[in-house]
Amino acid sequence: MSPTPMTPADVRTSVAAFLASHPPEDRTGFLRARFDAGLAWLHYPVGLGGLGASRALQPVADEAFAGTPDNEPRRIAVGLGMAAPTLLKHGTAEQRQRYLRPLWTGEEVWCQLFSEPGAGSDLAGLACAARKDRDDWVITGQKVWTSQAHYARWGILLARTDPDVPKHQGLTFFICDMRAPGVTVRPLRQLTGEAEFNEVFLDEVRLEDTLRLGEVGEGWSVARTTLMNERVSIGGDALPREGGAIGALARMWREQPELRRAGLHDAVLRAWVRAEAVRLTGLRLRQQLAAGEPGPEGSAVKLAFAGLLQEITSLELELGSTLRHDDWRVDRGPQPEFPSRTPTHRYLRARGSSIEGGTSEILRTIIGERVLGLPAEPRSDLAVAWRELPR
Amino acid sequence: MSPTPMTPADVRTSVAAFLASHPPEDRTGFLRARFDAGLAWLHYPVGLGGLGASRALQPVADEAFAGTPDNEPRRIAVGLGMAAPTLLKHGTAEQRQRYLRPLWTGEEVWCQLFSEPGAGSDLAGLACAARKDRDDWVITGQKVWTSQAHYARWGILLARTDPDVPKHQGLTFFICDMRAPGVTVRPLRQLTGEAEFNEVFLDEVRLEDTLRLGEVGEGWSVARTTLMNERVSIGGDALPREGGAIGALARMWREQPELRRAGLHDAVLRAWVRAEAVRLTGLRLRQQLAAGEPGPEGSAVKLAFAGLLQEITSLELELGSTLRHDDWRVDRGPQPEFPSRTPTHRYLRARGSSIEGGTSEILRTIIGERVLGLPAEPRSDLAVAWRELPR
Amino acid sequence: MTGLLYSDVESELRSELRAMLRDHCDPAARIERDDAVDVDLWRRLARDMGLAGLLVPEHLGGAGAGPREAAVVCEELGRAVAPVPFLGCAVVAGTALLSCGEPDLVAGLAAGERPVALAVPFATPPAHAWSPTVTVAGDRLTGSVRAVADATIADVLLVPAGRGLFAVDNSGVRREQCTSLDETRRLCDLSFEGAPGRLLAEGADAEAAVRSAVLAGAALLASEQVGVAEWCLDTTVEHVRGRYQFGRPIGSFQAVKHRLADVWVAVTQARAVARYAASALATQSEVDLAAALAQAHCSPVAVEAAEACVQLHGGIGMTWEHRAHLYLKRARSAAVAYGPADVHRARLAELVDLPPAL
Amino acid sequence: MTGLLYSDVESELRSELRAMLRDHCDPAARIERDDAVDVDLWRRLARDMGLAGLLVPEHLGGAGAGPREAAVVCEELGRAVAPVPFLGCAVVAGTALLSCGEPDLVAGLAAGERPVALAVPFATPPAHAWSPTVTVAGDRLTGSVRAVADATIADVLLVPAGRGLFAVDNSGVRREQCTSLDETRRLCDLSFEGAPGRLLAEGADAEAAVRSAVLAGAALLASEQVGVAEWCLDTTVEHVRGRYQFGRPIGSFQAVKHRLADVWVAVTQARAVARYAASALATQSEVDLAAALAQAHCSPVAVEAAEACVQLHGGIGMTWEHRAHLYLKRARSAAVAYGPADVHRARLAELVDLPPAL
């Protein structure tokens, strides 16, 4: 059963053969067939959408499939980036069989039910309770910052099954049925006026034990798989020079000479230099990954990217002497492409980049401890029962 | 015996009367007489160089004495700023009588023996040991960053008399006889090439019990008096606009048009704005003190001053494209006026401003906790015997 | 020596105003509405407390106070991001009117009866205050002025046009409300199509009136920015004391504590600088320098404090529900108002002889 | 795609060189001496390891390596603040000589026998590399060049004079050593009083030779700055792990940990940027842009790392005894070398069409 090592040419041949026999008229049918042919995510196992091939071959396949129906990766980003690797690593054979195909084809959208109002940076301190009731689990709690929850079919859920042990030990990981009674999704309006995220209220939501992912009490180690994949996926696209937010600023400077002020020239140039440095750092990281030498530089990318984005969008407001916004009304459309809206929107939205997916403060601690090997702070919250922690 | 409330006119009258009868030919004699007349530090008690008057009257006296021999305040700064208030508050009547007059006249210079190689920010963790030997104390340890030690007659010394109690409790405060056997003073060369400070080695130095200041084990509370006065005295002079380091930078910009570069103009202006803001903040603090409303702004001044000085001196090097220094040889002269040397010297010396007299990190913690009332970090070093602390 | 402290009278004014705002000001309730100004609140402040005429001499119907008191009012209004037109009406338009000597309009303004606004874009730096975009033919005005602050409820508009400064009644102006970054101080675009105007001042007098008005606005906006920064600091301190993560209040972590210490230092400096600007305005000495310094320094401090407020609140600070965003938007908008910081630094360069590179 | 990684050959070169420097380089021992260059060490590196001829093709007697390998050498020499003239001799003068096609001088340089230096002030930005201060009459050179790097032990000086580039022998030059900010790379002032010179290139060729030499210096100096920053980071990390205050290693405090995390991020970026510059030099594509970017970015990073090193060492970092000051001075001096960061940003503005304000 073990796959033979593939070459890029093999991939192109397979895709060509597939395309020859699968006209792309029926979008869902086409995607299902692509999955079944192992041409979805090539590094996944045979039978689960892949061919057990090298991850490096995926771009070859994607290129060969260009122009055919895709699974709208932005729409199902949480499923692709977080739920799938978690299911793959920790799911039972049945779970992987049941969930991965519709996840990949986009038929079933996933969301992530981790953060809570009282558990942001300290995710392991979360309070959402899962109580065993005969064979089922009964979930009660509140989750927040849940993107895609308003059209998600499933959620990956972290809940506390035992409050009487230290916080990391009492957690269990579940697949939450978003259509189950007791699940309420409410839009969460942000300072941009939009409601990109949701609050999710779980009120005695009953889940069968088959929806448990991993062992009881092992939720934290399952969640680490999810989180590692989250961090990799944030700020991850390869961009050409001036491809990100700096592009908008540079164009503004070039195309609106009346806005140029002597006192801001050097600031714009500093931002340009910083953006190019961050871009090259990302490029170097990709080369390391491609060469099979993953370095710790990944953790630098999100931190640097957040600061850069905030600096650039801030400078954009200064340069434009911006006092106007376009529209404060609630927008529930799909997530906008970042550079597409106004400078004010970009500026405000960028405030979140140093909070979401790990605050910059937390990232600095992670770099200090895991990369540089600096000693951790004395902790008082690790050995005590969760129930006893001050909150 | 309690003094009548004095007015500025009273002060001027007293000084005029004193000057009429004390020709300033004999410098030491003149200063001794000034001390005995209570016209040295007016707010000190009668008999100890003062008249128990308001501190606000001191400038009136100093102005009236202008042109007469002074006690070279820079040369005896440690004595005036730190030893004297400590002696006044914690000394016995005999100690105050013995030490304050020659301290003020400059006949006896004082130094401060607090910091150690292993105890910088954490002063209370110091290791220098004081062992009781019949009626005497025997001191062994090493002190560092001791300015004026090479010509000091006395030192204020903090030493550990009991290593078996928590660190703050085992300290005792002494007056160290700098001529006692076992005291070795060595110049400590800095990155500027100068040796502005010293290392002091104490090898079985024997001090009589009359040289103890305050009770045994009460050293920390005595030292707090010293340290409070140190912090007040750092960065304290009232300056006119462009009076500090910014003056040198502004002059450079004005007088050397060939050095002006477009990319640095805004940086110079930012520095100017910041310097003026820091200056006005100091001015406002002074007005608060004069109005009898001391605010917590004092702790901001040193922190802001250090950062400002570093920014300005750094910019000076950039602006001047500086690659040369004037002289790296060891200089043991009196402390130079800060703006008098080269930009490289200013830049290098300014690195110390965020370390000496409390690092900027420590100052931020102090502001956070004492001014803003933020909670302290959990501490593991307060309840345990000093001997048990990891080092 | 310039007094940089608060007098007892000023402190009393502050207490009274703060209490009033605590009871009657709800800025979040005014956003996303057509009537962006809280007219009830403004009536209390303008008429009942006499703030509309704060800078107006007593013999002209005002309170006869000065810029130092007005600065304290700005601080408190900034702390509350109050949706009332004090800065635009009482400070800017008031200064212009007093400079023109218009007893009737002044009296109406001071009584809180007839709000007046100066038709100059909010982003105008003092040095460029005189740049009319409206033309005059006879006594008829035509043209438009964009992004004007505090003009939505003005009964009278003071319009720089041609070589003069004109008073235009409500009926002659068309207003279009902007979607403003700062919804607690909604801007509007004004247009005039042959509107009848009454000449208040001409030539150098008109220029001086407008220039001194914008300069006063810039100088006192700094105090508003201090108030904004102070609210952000206080609110964040409160939050990080009570928010526990990892079994500790997050304010006990150095990353949080030290950032707030830096904000406190910055606010402390901003206060000294803003007081200096108010004093300069009061004594009419070094006003240009003090105003440029104040804007150059206080604009970034308010932004820094507001950004720290959002960051240290974490997720909750990113929500529409929490007030932090109102302060962030106010701070960002105020940083552009009456000219951005770099323009004020460039003005300082002229004033203190630090010329640009050749 | 430009390769930003290190090849195996480069990594081996690094290991070998690092071991050599560990055993034989003591920069602190060379300061405050007249013989500022460590001639023994330089002999080992230049001759025994072949570094003097690293960039010289094999058929001309060199190692036939390229800028990418030279960049690795610069990193290691920066890490050690080694008092040897690799940058000035092997990179800058070597590039100029290769450009002129001078087999004898090249061979002497490559063999480590006859060090050569380019007589251009160390602070010269690439765009202004051609600004001769020496005049020519016949074949006689007169004039002076101030603050030149790596010229103290040069046997031959390459002197831009009039419209040409000349070779001048040791005997024709008067050298005066400067008191340099960075005593591990002592500068000297050169003067010529009718010194006999041999013309190497003229007109555009001479300009191109000098310009490409300084450009190579600027591009590879970035790698040296990465090495300086890296030493500062590593040394500080080591220190804060072992230094206890308040019963804890100071590296466990967030104020320390987060600052070092920021330095690490900055060094990570600087490495990518410096590798890009070395690659650009190797492939001769976008060299101007890559060099300007590298200097604009890496200069401040090295300074930031060195300043953090001093600060986080506390008092001991302020002493002459600790090596930190050597790195601080190297970083500060390197930030001026081949032009300061703002000049490189201004150059970038030209290259990427972000023109100055009108």
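Below, read A as the first sequence line, B as the second, and so on, with proteins coming before strands; counting in each chain starts at 1.
- Highest contact tally toward chain D, considering only A:E258, A:R254, A:E361, A:E242, is held by A:R254 [criterion: heavy-atom pairs under 4.5 Å].
- Comparing D:L289, D:V240, D:D342, D:D234 by heavy-atom pairs within less than 4.5 Å of chain A, the highest count is held by D:L289.
- In the model, D:D8 has no side-chain atom that pairs as donor or acceptor with a side-chain atom of D:S11 under 3.5 Å.
- A donor-acceptor pair is defined here as one N or O able to donate and one able to accept, closer than 3.5 Å; such a pair exists between the side chain of D:E69 and the backbone of D:G66.
- A pairwise comparison of heavy atoms in D:E10 and D:V72 identifies O-CG1, 3.7 Å as the closest pair.
- By number of non-hydrogen pairs under 4.5 angstrom with chain A, the leading residue of D:H258, D:R271, D:Q269, D:H344 is D:H258.
- Between chain A and the residues D:S252, D:A292, D:A272, D:A261, the largest count of heavy-atom pairs under 4.5 Å involves D:S252.
- The side-chain heavy atoms of D:L21 and D:L77, taken from C-beta on, include a pair separated by under 4.5 Å.
- Proximity to chain A is limited to the backbone of D:A346, based on heavy atoms less than 4.5 angstrom apart.
- Nearest heavy-atom pair across D:Q225 and D:A334 is NE2-O, 3.3 Å.
- Note on D:V256, D:L293, D:L354: by heavy-atom pairs under 4.5 Å with chain A, the leading option is D:L354.
- Between chain A and the options D:V352, D:L233, D:L260, the largest number of non-hydrogen pairs under 4.5 Å is found for D:V352.
- Only the side chain of A:L303 comes within contact range of chain D, with at least one heavy atom under 4.5 Å from a heavy atom of that chain.
- Of the listed residues (A:R261, A:R270, A:E276), the one with the most heavy-atom contacts under 4.5 Å to chain D is A:R270.
- Between D:E75 and the options D:R18, D:E224, D:R14, a side-chain contact (heavy atoms from CB on, under 4.5 Å) holds for only D:R14.
- Contacts between D:R248 and chain A at a heavy-atom distance below 4.5 Å involve the side chain alone, from C-beta outward.
- Using a 4.5 Å heavy-atom threshold, the side chains of A:D122 and A:K167 count as touching.
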